[in-house]
Amino acid sequence: MSCVFIGDSLAVGTAHQRTECVNQAVGGLTTRQTIAQIQQIPVGSDQVIVSVGSNDLFAKGTTPDQRIRLYDSLRSGITAPSVVWILPNIHQQNRDAILVVARRHGDCVLDSRPLVSADGVHPTAAGYRNLARASENIQKSNSCTAK
């Protein structure tokens with residue numbers, strides 16, 4: 001049972017709670033930077049946990065379809081049988097686009113919004129533990145309902 005975290009600081013914090021996983025996440029990464037990490041995902045990984053969107057600041061006038069294409073570009077490079085997205089607390093348009101891509105691919109989604117700390121971006125310590133536990137339960141059961 002192998003798992004890999006990619007993406008931004010939300011993935012970093014959650015990965016610290018799942019020390020059995022490979023952590024390739026780096027605080028501050030954008031989706032475009034995360035796409036470059038895809039080639040580093042170990043072949044045969046059972047689960048990839050992705051956190052992007054918090055650091056994606058799009059130019060004014062960026063359409064929802066453009067956002068969806070970016071997140072879909074990231075997702076299309078992941079071959080693991082289980083993909084879990086951690087939705088960012090901020091940037092509703094990014095959250096919406098990630099949800100479209102996750103649904104399109106049959107991926108699981110964990111929402112960080114109910115777990116957010118006082119900074120309004122990152123989960124609390126308990127929130128990170130909850131995200132980690134939920135991603136582990138999804139992996140063990142191979143079901144999105146096992147959060």
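Any value given below was found using the heavy atoms of this structure, including those in side chains, with hydrogens, waters and symmetry copies removed.
Using a 4.5 Å cut-off between side-chain heavy atoms of Ile, Leu, Val, Met, Phe, Trp and Tyr, with links allowed through other members, Val26 and Phe5 fall into different hydrophobic clusters. In the hydrophobic cluster analysis, where Ile, Leu, Val, Met, Phe, Trp and Tyr join through side-chain heavy atoms closer than 4.5 angstrom, Leu29 is grouped apart from Trp85. Clustering ILVMFWY residues whenever any of their side-chain heavy atoms sit less than 4.5 angstrom apart, transitively, puts Tyr128 in a cluster other than the one holding Val12. Under the 4.5 Å side-chain contact rule for hydrophobic residues, Ile38 and Ile98 share a cluster.
Listed for the Thr14 side chain is no donor-acceptor partner under 3.5 Å among the backbone atoms of Ala11. With hydrogens and angles disregarded, no donor-acceptor distance shorter than 3.5 Å links the side chain of Arg129 to the backbone of Ala132. Under the 3.5 Å distance criterion, the side-chain polar atoms of Asn94 are matched with a main-chain donor or acceptor of Asp56. The closest donor-acceptor contact from the side chain of Ser73 to the backbone of Arg69 lies at 3.5 Å or more, if one exists at all.
How far CD of Gln47 is from CD1 of Ile138: 7.0 Å, rounded to the nearest 0.5 Å. Distance check: Thr34 OG1 to Gln37 CD gives 5.0 Å after rounding to the nearest 0.5 Å. The CD atom of Glu20 lies 10.0 Å from the OG atom of Ser2; values are rounded to the nearest 0.5 Å. From Leu74, atom CG reaches atom CD of Gln33 across 12.5 Å, with rounding to the nearest 0.5 Å.
In this structure the side chain of Val100 never reaches within 4.5 angstrom of the side chain of Tyr71, judged on heavy atoms. At a threshold of 4.5 Å between non-hydrogen side-chain atoms, the residues Asp96 and Pro64 do not count as touching. For the pair Ile68/Arg104, a side-chain contact is recorded, criterion being any heavy-atom separation below 4.5 Å from C-beta on. In this structure, Asn137 and Ser143 have side chains that are not in contact, with every pair of non-hydrogen atoms separated by 4.5 Å or more. Using a 4.5 Å heavy-atom cutoff, the side chains of Ile6 and Val50 are in contact. Counting heavy atoms from C-beta outward, His16 and Cys21 have side chains that stay 4.5 Å or more apart. Within the 4.5 Å cutoff, the side chain of Gln139 has heavy atoms near those of the Arg18 side chain. Annotation: side chain of Ser82 is not in contact with side chain of Asp46 (no heavy-atom distance under 4.5 Å).
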TODO: Verify side chain to side chain contact (heavy atoms under 4.5 Å, CB included) between Leu87 and Leu110, making sure each step is shown before the conclusion.
DONE: CA-CA 6 Å; Leu87 280 181; Leu110 302 175; over 6 Å; no
TODO: Start with the C-alpha gap between Gln17 and Leu131, add the side-chain angles, then the distance that decides, and say whether side chain to side chain contact (heavy atoms under 4.5 Å, CB included) holds.
DONE: CA-CA 9 Å; Gln17 303 299 315; Leu131 291 169; over 6 Å; no
Open item on the list: side chain to side chain contact (heavy atoms under 4.5 Å, CB included), that's the test. Do Val109 and Val84 meet it? Break it down for me.
Closed with: CA-CA 6 Å; Val109 176; Val84 178; over 6 Å; no
- [ ] Could you go through the side-chain hydrogen bond (donor to acceptor under 3.5 Å, both in side chains) check for Asn55 and Thr30 one step at a time?
- [x] CA-CA 5 Å; Asn55 301 310; Thr30 65; over 6 Å; no
Task: Pair Arg67-Thr62, side-chain hydrogen bond (donor to acceptor under 3.5 Å, both in side chains): steps then yes or no - done: CA-CA 7 Å; Arg67 291 170 197 259; Thr62 301; 5.1 Å; no
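Partner His122 forms a side-chain hydrogen bond (donor to acceptor under 3.5 Å, both in side chains) with one of Ser117, Ser112, Ser9, Ser54 and no other, that one being Ser9.
Using a cut-off of 4.0 Å between Lys/Arg side-chain N and Asp/Glu carboxylate O, Arg95 and Asp111 are scored as salt-bridged.
Within 6.0 Å of atom CD in Gln93, 12 or fewer heavy atoms from other residues, nucleotides or ligands are found, so the atom counts as exposed in its surroundings. Within a 6.0 Å radius of CZ in Arg113, more than 12 heavy atoms belonging to other residues, nucleotides or ligands are found.
The two residues Gly120 and Ile90 have their closest heavy-atom pair at O-CG2, 3.5 Å. The minimum heavy-atom distance between Gly53 and Thr31, with the atom names listed, is N-OG1, 4.1 Å.
Ser51 and Asp8 form a side-chain donor-acceptor contact under 3.5 Å, judged by distance and modelled atom types alone.
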